Amino acid sequence: ESSQSSPVVSYRSRIVLDHPPPPWPPSSCVIPTRNVLTIHLNMTSHVHKLYHRLAQPTYDAPYLILLLVAEAILTTLIVLRVPYTEIDWEAYMQEVTTYQEGERDYVNIRGGTGPLVYPAGFLYLYSWFKSLAISGGARDGNGANNSGIDPLGLDGSTSAQAIQRIQWLFVLLYLFNSVIVLTLYQIVLQRMRTLQQQKMQQQQRPSSSSTTTMIVWYWRIAMGLTCLSKRVHSIFVLRLFNDAPAMILLHLSMYLFACCDAWAWGCVVFSLAVSIKMNVLLFAPGLLLLLLQKNRSLFGTVRHLSICALVQLVLGWPFLSTHPISYIKKAFEFDRVFFSKWTVNWKFLPEDLFISKPWAMVLLTCHLGSLGFLATKWWKASVSQRGGTKTREWMCWTNNAKDNLQLSPEYIIYTMFASNYIGIAFARTLHYQFYCWYFCSLPMLHWMATMSPQSANNLARMSIHLATSTAAIFGIEYAFNIFPATEKSSMVLQLSHLLLLTKIFAAGLPSIAVEAGEKKEN
């Protein structure tokens, strides 16, 4: 039996071995593990090359254009899709109309929200806005404008058609402001590239493309953040506040200071900004320091300050020559008391404490003390970078130096933004429209305080700074988008402010002056 069954078993075994079952899934559908790894490495390599290639200076302009195109599309959609909200435009038109009718006593120039509290430049600018608003309307036989229903009887300037014309004008103003702000960021980015290359050359090491690329993308993220504020878009194209044109002129003056080295023209534009709304004076301490350092003499500084004063005198002359006390008291109302219900930053305080004079004195003391601390910090940095003798040059009445000192763009921008931010941090109140006073400076201040070329070699540290800075910026954005403000939103705002304030106090300063060799390269 064993001899008969053995051939059968052997035969069946040969059948199984000669005809194995087909594999599943078929081998044609399976990519070997080695090939998968190769594809992954190739894709990673391509992304890595693209990451470095797009960081080259050649792509700076396309990136800026991309941001501006996105901004143009977004603001256009906002005007077309989001209803306009009336807050101050009617009051502006009432004040302008009273001025156009011949009134020159500021006490008697009033709107629906109360007396006029802005300098003369505001009246001139919004008179022009009014003429643009009603320019498209037909006129009747008596010369009256028929540009739509205007229940207030202000020549049609508050009709729906007139307001929409001004909204489109503010779209253009918003885009112009974006161009200026992004240009300021771009000039600082270029300086960061240059300083990183110089650092590598001084250390006799080949320039690290990875570090430079990282710096470029971090600054591009900062530039992108300046375009993401829902509230700032609203302030410009849905509210038509005078804060918007005031900040446009302020940013333009900074461009003249930092990018053109045109200090006389910059002072003219700076003073024009003050004439629209005096919040621009928060930048004045930083500008004073820059003028002292730039002129290296008291006489030169007084000359530039005289330009600012002359602009205010010329613009305010129709009012100063008739009712000077009334104009000075109302146009520059430093003792103005705000209502607690509109505050964004101190909502968690009791109302009696919010409006009390002792609390106002505490904030003023903190403001001046912080400016004094930063002035001391700036002085020590100047001594460290330029030496004690050159630092004390501004104490002389005349400039005896033969060379022309050019302050670095990043130092000018950082100093003016920091000066303004100190005033914001200790402001007695912040209203929703005040957000545009400093939103565009937030990424710049965070990045300059933490992401300089000196710390760029530490990827983990820069990543942490990026995360915390972005969180703080969005915390401020969150607070300004909560209406009405709550105790929670005010606390988030103050914590976000405190984080940046601590960074500014602890951080070093950028290079103060542009060296002679850099001037030739630029």
Side-chain angles (χ1 to χ4, degrees), residues 188 250 254 257-258 270 278-296 298 301 305 334 345-346 357-395 407-430 434 437-439 441-452 454-455 465 468-469 472-473 475-476 493-513:
V188 174
L250 182 278
M254 292 179 61
F257 294 142
F270 180 88
M278 67 176 185
N279 72 281
V280 178
L281 290 175
L282 293 176
F283 292 85
L287 177 59
L288 175 61
L289 176 62
L290 295 172
L291 289 174
L292 289 169
Q293 292 180 310
K294 171 62 182 178
N295 290 295
R296 292 186 284 182
L298 294 176
T301 301
L305 293 178
F334 292 102
N345 56 334
W346 299 116
K357 288 188 176 180
W359 175 245
M361 291 304 300
V362 168
L363 293 176
L364 179 61
T365 302
C366 292
H367 184 188
L368 297 178
S370 297
L371 289 176
F373 174 78
L374 290 184
T376 303
K377 185 182 182 70
W378 262 239
W379 173 274
K380 292 180 179 179
S382 181
V383 171
S384 175
Q385 293 186 27
R386 305 187 65 241
T389 302
K390 291 185 177 181
T391 299
R392 287 187 290 270
E393 287 175 338
W394 64 268
M395 295 182 179
L407 300 178
S408 69
E410 65 271 24
Y411 177 71
I412 294 171
I413 297 170
Y414 184 69
T415 299
M416 293 194 68
F417 277 161
S419 172
N420 176 64
Y421 183 76
I422 296 300
I424 294 292
F426 297 107
R428 190 171 183 180
T429 188
L430 291 177
F434 298 179
W437 295 2
Y438 72 116
F439 167 73
S441 69
L442 291 175
M444 176 74 74
L445 290 172
H446 273 286
W447 267 239
M448 290 292 291
T450 56
M451 296 183 181
S452 63
Q454 289 74 16
S455 63
H465 286 324
T468 57
S469 299
I473 292 172
I476 297 175
L493 178 63
Q494 293 295 351
L495 290 175
S496 300
H497 280 177
L498 180 61
L499 175 62
L500 178 54
L501 193 64
T502 303
K503 286 185 176 182
I504 294 175
F505 285 163
L509 284 183
S511 300
I512 294 177

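Please read these numbers as outputs of a predicted model, since none were measured by experiment.
Across all non-hydrogen atoms, the minimal contact from Val280 to Leu250 is CG1-CD2, 3.8 Å. His497 approaches Tyr421 most closely through the heavy-atom pair O-OH, 2.7 Å. Among all heavy-atom pairs drawn from Met416 and Phe257, the shortest one is SD-CD1, 3.9 Å. A pairwise comparison of heavy atoms in Ser496 and Ile476 identifies CB-CG1, 3.5 Å as the closest pair. Contact record, Thr450 with Lys503: CG2-CD, 3.5 Å, taken as the closest heavy-atom pair. Considering every non-hydrogen atom in both Ala427 and Leu430, the closest pair reads CB-CD2, 3.8 Å.
Listed by chain and number, the residues in a side-chain contact (heavy atoms from CB on, under 4.5 Å) with Leu498 are Thr502 (sequence neighbours excluded). Residues passing the side-chain contact (heavy atoms from CB on, under 4.5 Å) test with Leu305 are Leu288, Leu291, Thr301, sequence neighbours excluded. For Trp346, the ring pair (Phe, Tyr, Trp, His ring centres under 6.0 Å) partners two or more places apart in sequence, or in a different chain, are Phe348, Trp359. Under the side-chain contact (heavy atoms from CB on, under 4.5 Å) criterion, Ser441 pairs with Phe417, Tyr438, Leu445, not counting sequence neighbours.
Put simply, the side chain of Met448 reaches to within 4.5 Å of the side chain of Val188, judged on heavy atoms. Residues Leu371 and Phe426 are not in side-chain contact: their nearest non-hydrogen atoms beyond the backbone lie 4.5 Å or more apart. Between Lys377 and Ile504, the closest side-chain pair of non-hydrogen atoms is not below 4.5 Å. A 4.5 Å side-chain heavy-atom check between Phe434 and Asn279 finds every atom pair outside the cut-off.
Among residues at least two apart or in separate chains, there is no salt bridge (Lys or Arg N to Asp or Glu O under 4.0 Å) pair with a member in residues 415-427.
Atom OH of residue Tyr414 and atom CH2 of residue Trp447 lie 13.5 Å apart, to the nearest 0.5 angstrom. Within the model, atoms OG of Ser469 and CG of Leu500 stand 8.0 Å from one another, a figure rounded to the nearest 0.5 Å. The line from CD of Gln293 to CG of Leu407 is 6.0 Å long, rounded to the nearest 0.5 Å. One finds the CD1 atom of Ile424 at 9.5 Å from the CG atom of Leu442 (value rounded to the nearest 0.5 Å). The CG atom of Leu282 sits 10.5 Å away from the CD1 atom of Ile422 when rounded to the nearest 0.5 Å.
Panel note: side chain Ser419, backbone Thr415; no donor-acceptor pair is recorded below 3.5 Å. Judged by distance alone, the side chain of Thr365 and the main-chain N or O of Met361 form a donor-acceptor pair under 3.5 Å. For the pair Asn345 (side chain) and Leu493 (backbone), a donor-acceptor distance under 3.5 Å is absent.
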Might you work through the side-chain contact (heavy atoms from CB on, under 4.5 Å) test for Ile413 and Met254, ending with a clear yes or no? CA-CA 7 Å; Ile413 297 170; Met254 292 179 61; 3.9 Å; yes

Contacts under 3.5 angstrom, residues 505-512 side chains, donor-acceptor by atom type, not counting sequence neighbours:
none

